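Data first, discussion second: the structure below is written as structure tokens.
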Amino acid sequence: MFWQMFLQHGKRLLLVVLVCVSLPLLAAEFWELPKPPPPDEFGNLLINRTSGKSAVKPAVFSHWIHRRKFSCRICHSELEFGMKVNTTEITEAANQSGQFCGSSGCHDGKAAFGHKIDTCEKCHNGNLSAGKERFAELAKLPTAGFGNRIDWGKALNKGLSVPARHLTIKPVNEMAFKDILVLESEWTGTPPAVFPHRPHTWLLDCSNCHPDIFNIKKKTTQHFSMTANLQGEFCGVCHTTVAFPMADCKRCHPAMTN
Ligand code: HEC
Ligand code: HEC
Ligand code: HEC
Ligand code: HEC
Ligand code: HEC
């Protein structure tokens, strides 16, 4: 029966069968998925645009330590940190005058440790796993198979980890954009990817995605591909380094079986 169908429909059927049954297995061969860091280092960065040249060690920044309390939009919209490491012109003078890390409500010496001679090394230690011992604080959050091994989406929905949405600049649109977009695949047999606006608009500003990453007017959809995603474009701007990574196929393609 299978072979009869196979002879009739040939390669196309084989592709459908392969794609449906074993995509996650094949994925590793199709696309080189990056080797995952330990869960307590996922989303950790060493910021070293100027540190090395200025005789201080690179500054460590951990997303999981910060995202519990602050939404992405606070840092990536209000405080204007770029979404690519070493792209922001952070200087110590700016920090100490209340911008970037030193913004009021942040490392201002009140809300969190400030910029004093005895605290320099808390940031400038060049250690990607600094703060590791605090990872146990996340133990109560729902788990996931990839990234930090924390299901941040569920944690948000269940009210277990609800970061502040703003420091001083309120989101323009308090009303969440609830559409779930279905992104159909051009590949036969690939279950479509879904894009729910809700978790994204809660955490991010519309301007974090539109128009730079996704141009609504020109409809970027037709250019989405896993190769582009894995190279850090489109969904991959976040879903490689900070939000659950590309290896977690099922969260974007719910009909897949990984
Ligand atoms: C809350 C974290 C934090 C603390 C505390 C901190 N820094 Fe920084 N600092 C940074 C970040 C982030 C950068 C940007 C690093 C880069 O791009 O290489 C930076 C940049 C620098 C630079 C290089 C750029 C420039 O402005 O010359 C120097 C030097 C520096 N810090 C010195 C210090 C000293 C000295 C202290 C303690 C008095 C200190 N920092 C405390 C986060 C911190
Ligand atoms: C407390 C501030 C803060 C919060 C909250 C925060 N970020 Fe970041 N993020 C940063 C900083 C600082 C950088 C480094 C910027 C630089 O070096 O120019 C960064 C870098 C990034 C990068 C680039 C990573 C890389 O490897 O190049 C991505 C993607 C990103 N953030 C996404 C997010 C997302 C998504 C969220 C919410 C879940 C988030 N961030 C929450 C401060 C923050
Ligand atoms: C962060 C979301 C996300 C994750 C995670 C994800 N995908 Fe995709 N994937 C997409 C989007 C968006 C597209 C483009 C629209 C579509 O084809 O549905 C896509 C397209 C595809 C396609 C069609 C071919 C192509 O390159 O356009 C295949 C096959 C695919 N994904 C397989 C996988 C596999 C296997 C995994 C896990 C290793 C995975 N995806 C993880 C979002 C994701
Ligand atoms: C995490 C990224 C992200 C954020 C944040 C985001 N969007 Fe989108 N938006 C998308 C993607 C992806 C699409 C689909 C783009 C495409 O098909 O080319 C989209 C599509 C749209 C569309 C077109 C809908 C359609 O049916 O084609 C509108 C309108 C839109 N977004 C409005 C908003 C508004 C308003 C906000 C803020 C409240 C927002 N978006 C925040 C990623 C985002
Ligand atoms: C600007 C950053 C950013 C971009 C771009 C982005 N996402 Fe997300 N996404 C997030 C964050 C943050 C979450 C919350 C969950 C987490 O951090 O793991 C999330 C959650 C999701 C969820 C909810 C999953 C769940 O189980 O709760 C889906 C599905 C998803 N993203 C798909 C996509 C797809 C598909 C694209 C591209 C079309 C995309 N995302 C682009 C940041 C982003």
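Because the structure is predicted, anything quoted here is derived from the model rather than measured. Read the numbers this way: they start at 1 and go in the same order the structure lists the ligands and their atoms. Each residue takes its place number in the sequence, starting with 1.
Each of the atoms 10 (C), 11 (C), 12 (C), 16 (C), 17 (O), 18 (O), 42 (C) of ligand 5 lies under 4.0 Å from some heavy atom of Ala243. Contact atoms of ligand 2 toward Leu45: 13 (C), 14 (C), 19 (C), 20 (C), 24 (C), 25 (C), 26 (O) (distance under 4.0 Å to a heavy atom of the residue). Contact atoms of ligand 5 toward Phe234: 5 (C) (distance under 4.0 Å to a heavy atom of the residue). Numbered from 1 in the order shown, with element, the atoms of ligand 1 that lie under 4.0 Å from a heavy atom of Thr119 read 5 (C). Residue His66 approaches ligand 2 through these ligand atoms, each under 4.0 Å from one of its heavy atoms: 1 (C). Near Thr241, the atoms of ligand 2 lying under 4.0 angstrom from a non-hydrogen atom of the residue are 24 (C), 26 (O), 29 (C). Listed by atom number, the atoms of ligand 5 under 4.0 Å from Trp152 heavy atoms are 16 (C), 17 (O). Near Lys84, with a cut-off below 4.0 Å to any heavy atom, the atoms of ligand 2 are 16 (C), 18 (O), 23 (C), 27 (O). For ligand 1 and Thr50, the ligand atoms under 4.0 Å from any heavy atom of the residue are 16 (C), 17 (O), 18 (O), 23 (C), 24 (C). Numbered from 1 in the order shown, with element, the atoms of ligand 5 that lie under 4.0 Å from a heavy atom of Phe195 read 33 (C), 34 (C), 36 (C), 38 (C), 39 (C), 40 (N), 41 (C). Using a 4.0 Å cut-off to heavy atoms of Lys116, the atoms of ligand 1 that qualify are 37 (C), 38 (C). Listed by number with element, the atoms of ligand 1 under 4.0 Å from a non-hydrogen atom of His107 are 1 (C). Near Ser51, the atoms of ligand 1 lying under 4.0 angstrom from a non-hydrogen atom of the residue are 15 (C), 16 (C), 18 (O). Per-residue contacts place Cys72 under 4.0 angstrom from the following atoms of ligand 2 (heavy atoms of the residue considered): 34 (C), 35 (C), 36 (C), 37 (C), 38 (C), 39 (C), 41 (C). Shown in contact with Arg49 at under 4.0 Å from a heavy atom are these atoms of ligand 1, numbered in order with element: 16 (C), 17 (O), 18 (O). Atoms of ligand 2 found under 4.0 Å from any heavy atom of Asn86, numbered from 1 in the order shown, are 16 (C), 17 (O), 18 (O).
The protein heavy atom nearest to atom 2 (C) of ligand 5 is Cys238 SG, 1.8 Å. For atom 9 (N) of ligand 5, the nearest protein heavy atom (residue, atom name, distance) is His200 NE2, 2.6 Å. Nearest non-hydrogen protein atom to atom 15 (C) of ligand 5 is Gly153 N, 3.9 Å. In terms of protein heavy-atom proximity, atom 25 (C) of ligand 5 is closest to Arg251 NH2, 3.5 Å. Remark: minimum distance from atom 27 (O) of ligand 2 to any protein heavy atom is reached at Val85 N, 2.8 Å.
The aromatic ring centroids of Phe214 and Phe224 lie less than 6.0 Å from each other. Side-chain rings of His63 and Phe42 stay apart, their centers remaining 6.0 Å or farther from each other.
Ligand 2 has no atom lying under 4.0 Å from any heavy atom of Ile74. Residue contacts with ligand 5 do not include Ala193, since none of its heavy atoms lies under 4.0 Å from the ligand. Residue contacts with ligand 2 include Gly82, since one or more of its heavy atoms lies under 4.0 Å from the ligand. Residue contact check for ligand 5: Leu183 places a non-hydrogen atom closer than 4.0 Å to it. Using a 4.0 Å cutoff on heavy atoms, Pro58 does not count as a contact of ligand 1. Between Leu203 and ligand 2 there is no heavy-atom distance shorter than 4.0 Å. At least one heavy atom of His115 lies less than 4.0 angstrom from ligand 1. At a 4.0 Å cut-off, at least one heavy atom of Ser71 sits close enough to ligand 2 to count as contact.
Within the 3.5 Å criterion, the main-chain N or O of Phe113 finds a donor-acceptor partner in the side chain of His107.
When the heavy atoms of Asp248, Asn208, Val194, Asp205 are ranked by distance to atom 35 (C) of ligand 5, first place goes to Val194. The option from Arg67, Arg73, His239 that lies nearest to atom 16 (C) of ligand 5, judged by heavy atoms, is Arg67.
Comment: Asp151 engages Arg251 in a salt bridge, judged by a side-chain N to carboxylate O separation of less than 4.0 angstrom. Ion pair Arg68/Glu137 flagged as a salt bridge, since at least one NZ, NE, NH1 or NH2 atom sits closer than 4.0 Å to an Asp/Glu carboxylate oxygen.
Residue His124 counts as close to atom 8 (Fe) of ligand 1, with an N, O or S atom under 2.8 Å.
Side-chain contact between Pro36 and Phe146: absent, with no pair of heavy atoms (C-beta onward) separated by less than 4.5 Å.
The distance criterion of under 3.5 Å between nitrogen or oxygen atoms is not met by Ile213 with respect to ligand 5.
If you look at Thr87 next to ligand 2, the close heavy atoms, those under 4.0 Å, come from the backbone and the side chain alike. Contacts of Thr88 with ligand 2, taken as heavy-atom pairs under 4.0 Å, involve both backbone and side chain.
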